[in-house]
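In what follows, chains carry the letters A, B, and so on, assigned in the order in which the sequence lines appear, proteins first and then strands, with residues in each chain numbered from 1.
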Amino acid sequence: MKLHEYQAKELFAEAGLATPDAALAESVEDALSTAESVGYPVAIKAQVQVGGRGKAGGIEIAENDREAREAADAILGMDLKGYRVDRVLVEAAVDFTNELYVGVTMDRGEGRPVAMVSSKGGVDIESVAAESPGAIAREHVDPAFGIHPYQARRAVYGAGVDRDVAGDVAGVLTTLYDLWEERDAADAEINPLMVTDDEGVVAADAVLNIDDDALFRHPDLAGMEEASYGDDLERTAGEYGFDYVRLEGNVGIIGNGAGLVMTTLDLVDHYGGEPANFLDIGGGAKAERVANALDVVFSDSNVDAVVFNIFGGITRGDEVARGINDALGAFEELPNPVVVRLAGTNAVEGMEILDTEKIDVEETLEGAVQRAVELAGSSGGGADSGGETANGGESR
Amino acid sequence: MKLHEYQAKELFAEAGLATPDAALAESVEDALSTAESVGYPVAIKAQVQVGGRGKAGGIEIAENDREAREAADAILGMDLKGYRVDRVLVEAAVDFTNELYVGVTMDRGEGRPVAMVSSKGGVDIESVAAESPGAIAREHVDPAFGIHPYQARRAVYGAGVDRDVAGDVAGVLTTLYDLWEERDAADAEINPLMVTDDEGVVAADAVLNIDDDALFRHPDLAGMEEASYGDDLERTAGEYGFDYVRLEGNVGIIGNGAGLVMTTLDLVDHYGGEPANFLDIGGGAKAERVANALDVVFSDSNVDAVVFNIFGGITRGDEVARGINDALGAFEELPNPVVVRLAGTNAVEGMEILDTEKIDVEETLEGAVQRAVELAGSSGGGADSGGETANGGESR
Amino acid sequence: MSVLVDEDTRVVVQGITGGEGEFHAGEMIEYGTDVVAGAVPGRGGEAVHGVPVYDTVSEAAREEDADASVVLVPPAFAADALFEALDSPLELVVAITEGIPTQDMSRVHKRLSEVDTRLVGPNCPGLITPGEAKLGILPGNIFSAGNVGLVSRSGTLTYQVVDNLTDRGLGQSTAIGIGGDPIIGTDFVDALGLFEADPATDAVVMCGEIGGEDEEEAAAFIGSEMTTPVVGFIAGRTAPPGKRMGHAGAIVSGSGTGTAESKIAALDDAGVSVGDTPEEVAAAVEELL
Amino acid sequence: MSVLVDEDTRVVVQGITGGEGEFHAGEMIEYGTDVVAGAVPGRGGEAVHGVPVYDTVSEAAREEDADASVVLVPPAFAADALFEALDSPLELVVAITEGIPTQDMSRVHKRLSEVDTRLVGPNCPGLITPGEAKLGILPGNIFSAGNVGLVSRSGTLTYQVVDNLTDRGLGQSTAIGIGGDPIIGTDFVDALGLFEADPATDAVVMCGEIGGEDEEEAAAFIGSEMTTPVVGFIAGRTAPPGKRMGHAGAIVSGSGTGTAESKIAALDDAGVSVGDTPEEVAAAVEELL
């Protein structure tokens with residue numbers, strides 16, 4: 001779960017990190033009055049959870065009311081990488097002499113947290129990492145001990161941070177690590193950490209992503225979650241609790257298990273089709289979940305055919321088949337052709353009871369995918385979606 | 001640093017452990033009004049930092065005003081193992097079905113904390129440990145991780161605690177460990193942890209000893225320290241910052257370094273004398289510290305002679321000698337004969353400048369001790385201390 | 001004849017009184033696994049499927065001489081259950097639980113480095129030596145005994161590949177689901193090393209997916225350390241960069257490594273035949289044997 | 001010719017800009033120790049006694065090719081300094097600091113079990129190979145080179161015994177003060193093992209004191225593992241039970257072990273000659289050689 005900048009900054013400030021004076025605004029008038037109380041110059045910053053907001057026009061500096069009005073007007077309501085901007089953070093601009101990067105994340109390969117400092121802050125840190133990895137000092141942390149003060153110092157001196165602020169920056173890194181740990185974060189970053197004229201340090205931006213799996217022990221953070229999907233279908237799928245990713249092809253895909261669903265996507269591609277989505281229906285396949293999954297996929301106007309591939313595992317194939325039949329009962333006629341393939345435990349029994357009037361049944365994964373690709377191709381000229389499908393095809 | 005029961009209980013309660021309703025009283029009238037507000041029956045408990053208060057008459061149960069008055073009257077002002085009782089804790093007596101022991105301490109041999117549970121609470125746990133070590137379940141804790149919940153459970157089930165309260169007791173152990181760690185305790189114990197009729201658990205006693213070396217980071221705890229020495233000389237020595245232990249012989253001993261001072265005691269014994277004290281003057285030996293050390297030892301009316309043994313180490317012998325000379329300047333005449341031996345760096349120079357009019361000087365440790373023992377023996381009949389020395393001698 | 005588990009493996013089921021625990025303990029027993037005990041705090045003295053339940057894993061292991069455990073407890077309590085299993089001690093711990101917080105697993109990972117116990121998972125279907133023992137939630141009926149080792153990050157994909165193998169009469173020595181979480185106990189290299197050392201395994205199927213660099217490391221290991229032939233499969237070839245697809249591991253950063261291309265190229269370099277479909281994988285194995 | 005340190009030992013002084021650090025760094029240099037660097041956060045680029053100061057121990061060790069450090073920082077920062085030294089990495093760390101909280105040392109002790117570095121101390125005078133190198137605060141002038149190894153829990157008692165040895169012309173191979181704290185890095189058994197393996201050490205003096213069971217463990221080690229003769233001394237024979245005398249270790253619980261009697265009996269059983277006085281110790285060594 002990604003927190004908004006303003007939420008992350010509240011938590012940072014609570015932990016004792018310096019952040020600029022700021023307030024949230026939802027309208028141009030709000031933004032203006034906040035700017036006045038905070039004092040010009042201000043930064044007006046789109047609150048959407050995507051990177052590269054600055055380059056995309058989501059952050060503007062305003063020196064006065066006129067500029068603030070223009071900026072707020074431009075940013076509020078804008079489409080930023082597919083997300084609509086409903087709120088801006090109006091924040092005192094910081095006079096700085098230097099921009100640093102400070103971050104904590106999990107190094108998955110090592111199975112240990114890593115704390116990082118770079119004197120090249122204020123820019124895309126992934127580019128820094130790719131182009132001059134030596135510019136980022138890293139300290140792997142033993143999660144049982146937490147970060148030792150010497151590690152924070154070593155990272156700071158190793159990154160070549162000015163010695164005047166080295167102690168402060170080491171303190172920021174330690175605090176950030178503790179916050180990261182306490183809040184079960186996946187990532188905690190300050191980029192840039194601004195070094196001010198008077199040798200202070202201020203967190204000018206704030207990233208805090210929380211481990212979804214740990215939200216159960218952080219109800220306060222879970223309460224901060226705001227639906228912010230790039231698109232209505234992703235929102236709907238999220239509400240149903242599916243892992244869903246919308247893509248640009250016309251073959252809708254439903255399956256169970258990330259690896260098998262990805263494989264189904266790959267096979268659609270392999271047989272010349274184009275996947276419209278990734279949808280992992282998860283464990284079991286009760287009627288309601290099947291119906292919900294079909295709802296999501298059918299709602300995608302790009303979709304021309306659907307392949308439904310379930311490997312029964314412990315869940316028995318006959319149970320899955322009943323779930324599918326029940327779900328199909330709700331439809332007078334299916335909006336798109338659906339090819340079902342059941343495998344695993346009691347798959348044969350399951351295939352036998354499937355309602356083949358409404359759906360195609362295939363015995364093998366390969367067969368099911370090939371059939372769906374065929375159906376999607378032949379219905380490509382349909383009135384409801386042909387144009388969009390063509391666009392989808394072009395864009396690849 | 002040992003906390004009083006009432007102080008420890010405040011910290012326990014703050015950490016979420018259940019403790020009986022109670023208040024401190026310094027007079028019989030205070031005790032009576034507290035007893036009434038807490039509700040009879042009450043336990044009236046001497047607040048002195050010694051073990052075995054119950055057996056020594058320091059804890060009484062009172063069912064009513066009359067008994068409370070008698071108990072408070074008896075306990076307030078009593079001498080408990082050499083400590084005067086100035087305050088009592090008046091506490092609601094707990095109806096219990098069972099008494100357990102729960103404790104956390106440092107296992108020095110292992111270099112790791114150990115958490116302990118026994119179903120034989122309410123008695124001297126050291127006797128339990130000696131007589132039936134199997135009755136105490138122990139879990140060594142990795143200090144980097146802290147206690148794991150499974151360890152608390154394993155200790156509780158291992159100790160054979162009733163399963164009705166096992167979860168609660170495991171929770172108490174975990175809380176006690178966390179408190180022990182957070183407060184830099186040396187020992188944290190609840191003995192007894194009472195199991196009540198309604199299957200709750202209540203800390204009926206509380207021990208919390210803090211690591212003196214860690215007090216610098218616990219100013220709140222340091223502020224709880226109350227001078228509570230068994231004797232005036234120990235109090236004075238404590239105020240001067242000496243490691244001092246009063247013994248029963250007549251040869252006063254001052255030296256630097258615990259091992260060397262203990263060795264000097266051993267040598268006094270070896271040569272037929274009896275040590276009056278252990279006094280480690282610590283590093284260096286400036287005039288003021290020397291004078292303070294002599295003040296403590298001369299104030300002991302048992303003392304008949306003093307051996308002053310300094311091994312110079314980095315501190316140069318001539319500096320020590322000047323310190324001794326300066327300190328001696330304050331005395332018209334020394335109350336007891338003093339034998340000085342200096343060794344180590346610049347010892348020879350030091351010995352040369354010592355004021356031998358007031359003191360005896362010896363070159364070797366053995367010589368100095370023998371001379372002091374001799375002097376103590378020959379002055380044994382002196383008017384000021386002969387009787388007490390004889391007593392001291394008899395009691396050994 | 002197999003790796004990690006066989007008919008002599010004596011298993012404790014942690015969480016045996018829970019819904020999942022009870023169900024899968026029953027399935028394991030039915031498959032023939034020697035489930036000797038359950039462990040659930042506060043439930044000591046009870047029995048599930050005739051198997052005695054103990055309050056602690058230590059007691060269960062001691063009393064029933066167990067050497068492995070299967071962890072089927074909810075994610076909030078799973079890390080503690082793993083620490084307990086690692087301290088009991090056991091030779092093998094199989095963590096099925098999905099959704100354990102990553103920082104919890106980081107602490108478990110640290111502890112793992114201090115003990116001799118092997119952890120498989122978490123967030124995995126477990127492992128099976130067909131005809132002998134099943135530790136986990138895999139559907140036993142799709143497996144058949146044979147000489148093909150299988151290691152996979154994914155659950156249902158594993159079943160799919162096994163299905164294709166079994167269809168061709170290619171039985172399995174042991175199949176190990178290592179799990180799709182960011183931090184796991186046994187990785188590809190560990191599992192491949194076990195198969196390499198197993199005389200009863202004549203070929204290995206390795207099912208990877210996009211994200212992380214485990215498949216690249218596995219390729220390096222295969223190239224330098226293995227003589228047993230390996231057939232590979234990588235799921236997620238068509239996943240667009242930057243999109244997260246289910247598994248925490250299944251995200252492509254677009255920075256070169258972690259992509260399907262990178263993994264397939266690394267496996268190719270190591271002489272591994274990589275199938276485009278599960279069916280091709282099975283065919284390649286058949287050709288090798 | 002010695003154990004742990006010699007003329008080739010390259011030393012970092014942690015805390016070299018502090019009062020104690022600067023003074024003792026000077027004394028060490030004057031003794032001939034090869035002090036190659038200091039390490040003090042925020043003081044990198046300065047110099048003390050002509051020795052360059054670095055911000056971190058890692059940098060000091062890397063730039064000056066150091067293999068040992070002496071920790072002379074205040075107790076509040078000492079544990080962190082030790083963790084830093086253990087992670088730099090160095091072969092030997094000597095912690096002089098007195099008054100480090102016991103729980104801090106427990107965490108350091110845990111970390112020590114994970115690295116190859118040896119820690120001596122804390123709360124110790126350090127160690128010296130006479131004529132070659134001194135790492136710590138021992139008064140160099142009382143020592144002389146020779147073939148007697150010495151290990152002691154106590155500072156000034158060590159000096160006393162060395163004085164008696166030197167008076168008789170009995171020089172020392174290496175003298176190690178292991179420190180009197182409850183949790184220390186190198187104990188008697190470790191030190192005795194080093195002396196046993198050192199061809200230049202022909203006899204060992206071991207100075208113990210009441211409290212703990214280290215001397216009992218040392219006696220067992222001597223009895224089973226050592227051929228080099230050992231002479232012992234135990235301070236605190238006359239200390240009454242239950243009284244704490246200075247060192248955290250120097251307390252007798254009265255429960256059998258930890259008393260002077262117990263320690264002396266254990267050493268006697270191991271064939272160790274235990275002197276009643278430091279002078280007797282020196283005499284016993286003379287007789288052995």
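Taking C:P101, C:A76, C:S152 one by one and counting their heavy-atom pairs under 4.5 Å with chain A, the maximum is reached by C:P101.
In C:F77, the CZ atom is not crowded: 12 or fewer heavy atoms of neighbouring residues, nucleotides or ligands sit closer than 6.0 Å. With a 6.0 Å radius and a threshold of 12 heavy atoms from other residues, nucleotides or ligands, C:E114 has its CD atom above the threshold. Counting heavy atoms of neighbouring residues, nucleotides and ligands inside a 6.0 Å radius, atom CD of A:E181 exceeds 12 of them.
Salt bridge present: A:R217 and C:D104 bring a charged side-chain N and a carboxylate O closer than 4.0 Å. The residues C:R237 and A:D269 are annotated as not salt-bridged, no charged nitrogen and carboxylate oxygen being separated by less than 4.0 angstrom.
At distances below 3.5 Å, at least one donor-acceptor pair connects side-chain atoms of A:D266 with backbone N or O atoms of C:T238.
Going from atom CG of C:D276 over to atom CG of A:L267 covers 9.0 Å, rounded to the nearest 0.5 Å. Considering CG of C:D214 and CZ of A:R108, their distance stands at 11.0 Å, rounded to 0.5 Å. Rounding to the nearest 0.5 Å gives a distance of 6.0 Å between CZ of A:F145 and NZ of C:K110. In this structure, CG on A:L260 lies 6.0 Å from CG on C:L157, to the nearest 0.5 angstrom.
The shortest distance between side-chain heavy atoms of A:D213 and C:P75 does not fall below 4.5 Å. Proximity of A:F311 to C:D163: side-chain heavy atoms (C-beta onward) are separated by under 4.5 Å at one or more points. Two residues are said to be in side-chain contact when any heavy atoms from C-beta on lie closer than 4.5 Å; C:S154 and A:M262 fail this criterion. Looking only at side-chain heavy atoms (C-beta outward), C:Q160 and A:T364 stay at 4.5 Å or farther from each other. By the 4.5 Å heavy-atom criterion applied to side chains, C:Q103 and A:D211 are not counted as neighbours.
Residue contact with chain A, scored on non-hydrogen atoms closer than 4.5 Å, is absent for C:I184. Contacts of A:A130 with chain C are absent, with no heavy-atom separation under 4.5 Å from either backbone or side chain. Neither the backbone nor the side chain of C:D167 comes within less than 4.5 Å of any heavy atom of chain A. Contact annotation for C:I100: only backbone heavy atoms (N, CA, C, O) come within less than 4.5 Å of a heavy atom of chain A.
The two residues A:G344 and C:I142 make their nearest non-hydrogen contact at CA-CG2, 4.1 Å. Contact record, C:E279 with A:E366: CB-OE2, 3.0 Å, taken as the closest heavy-atom pair. Heavy-atom minimum distance, C:S106 versus A:G111: OG-O, 2.9 Å.
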- Any chance you could lay out the side-chain contact (heavy atoms from CB on, under 4.5 Å) test for C:I183 and A:M106, step after step, and finish with the verdict? CA-CA 10 Å; C:I183 301 177; A:M106 183 64 76; 3.8 Å; yes
